[in-house]
Amino acid sequence: MSKALMDIVLPRLAQRLNRQIRRYRAGELDDDQFSRMFETLLHQQYSWLANQGIPEVEAAIAVHGAVLVLSGPGLRAEAAEQSLPLEVVEQRAIRAAAGDIAEHYGVSEERATRRLSSIVAYYAE
């Protein structure tokens, strides 16, 4: 996956997700509404990429990768809470995302794991 694709997906997703988080924190959305809106947001990003001619697998990896990168603060908090190295928590999240990609897009879990790990390593703070 090209760096340019992630440089497009990350800001688009971050901006939209930030709006939803602000609404959630302001009490405008409950847990269920936030979850549904988050799922819709991911679907919209995937559809937008598909409409731009990005192959399905690449779009799925880009969206999952962006979510992992944007989840960095939560993953760090989870690692601290569980007294685990951040890498362990990140790897669990990456493997879960890779499993989802493998299940739905016909790519090997190993390949998806490698691709997602590269994205997280490159873009994570």
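As a basis for the values below, the full set of heavy atoms in this structure was taken, side chains included, without hydrogen atoms, waters or symmetry mates.
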Practice prompt. List the steps, then state whether side chain to side chain contact (heavy atoms under 4.5 Å, CB included) holds for W48 with V63.
Written response: CA-CA 11 Å; W48 182 81; V63 170; over 6 Å; no
Quick check: closest heavy atoms across [X] and [Y], and the distance to 0.1 Å?
{"X": "L75", "Y": "A93", "result": "CD2-CB, 4.0 Å"}
{"X": "G65", "Y": "L116", "result": "N-CD2, 3.6 Å"}
{"X": "E58", "Y": "R115", "result": "OE1-NH2, 2.7 Å"}
{"X": "A98", "Y": "T113", "result": "CB-OG1, 3.2 Å"}
{"X": "I94", "Y": "S117", "result": "CG2-OG, 3.7 Å"}
{"X": "A62", "Y": "L49", "result": "CB-CD1, 4.1 Å"}

Within 6.0 Å of [atom1] in [X], more than 12 heavy atoms from elsewhere:
{"X": "R95", "atom1": "CZ", "value": "no"}
{"X": "Q82", "atom1": "CD", "value": "yes"}
{"X": "Q91", "atom1": "CD", "value": "yes"}
{"X": "E39", "atom1": "CD", "value": "no"}

Please examine the side chains of [Y] and [X], heavy atoms only from C-beta on, and report whether any two atoms are closer than 4.5 Å.
{"X": "E103", "Y": "E109", "answer": "no"}
{"X": "L17", "Y": "V67", "answer": "no"}
{"X": "F34", "Y": "I21", "answer": "yes"}
{"X": "Y123", "Y": "M6", "answer": "yes"}

Fill in: Any donor-acceptor pair under 3.5 Å from S108 side chain to R111 backbone
yes
Once you round to the nearest 0.5 Å, how far does [atom1] of [X] lie from [atom2] of [Y]?
{"X": "R19", "Y": "Q15", "atom1": "CZ", "atom2": "CD", "answer": "5.0 Å"}
{"X": "Q44", "Y": "R16", "atom1": "CD", "atom2": "CZ", "answer": "7.5 Å"}
{"X": "Q20", "Y": "L41", "atom1": "CD", "atom2": "CG", "answer": "6.5 Å"}
{"X": "R23", "Y": "L29", "atom1": "CZ", "atom2": "CG", "answer": "4.5 Å"}
{"X": "L68", "Y": "I61", "atom1": "CG", "atom2": "CD1", "answer": "11.5 Å"}

Practice prompt. Determine, using the 4.5 Å side-chain heavy-atom cutoff (strictly less than), whether L84 and V120 are members of one ILVMFWY cluster.
Written response: no
Practice prompt. Scan side-chain atoms only and decide if Y24 and D31 contain a donor-acceptor pair under the 3.5 Å cut-off.
Written response: yes
Fill in: Y46 vs N51, side chain to side chain donor-acceptor pair (under 3.5 Å): CA-CA, chis, key distance, verdict
CA-CA 9 Å; Y46 175 81; N51 289 335; over 6 Å; no
Discussion item. The criterion is side-chain hydrogen bond (donor to acceptor under 3.5 Å, both in side chains); which residues satisfy it with E110, sequence neighbours excluded?
Written reply: R114
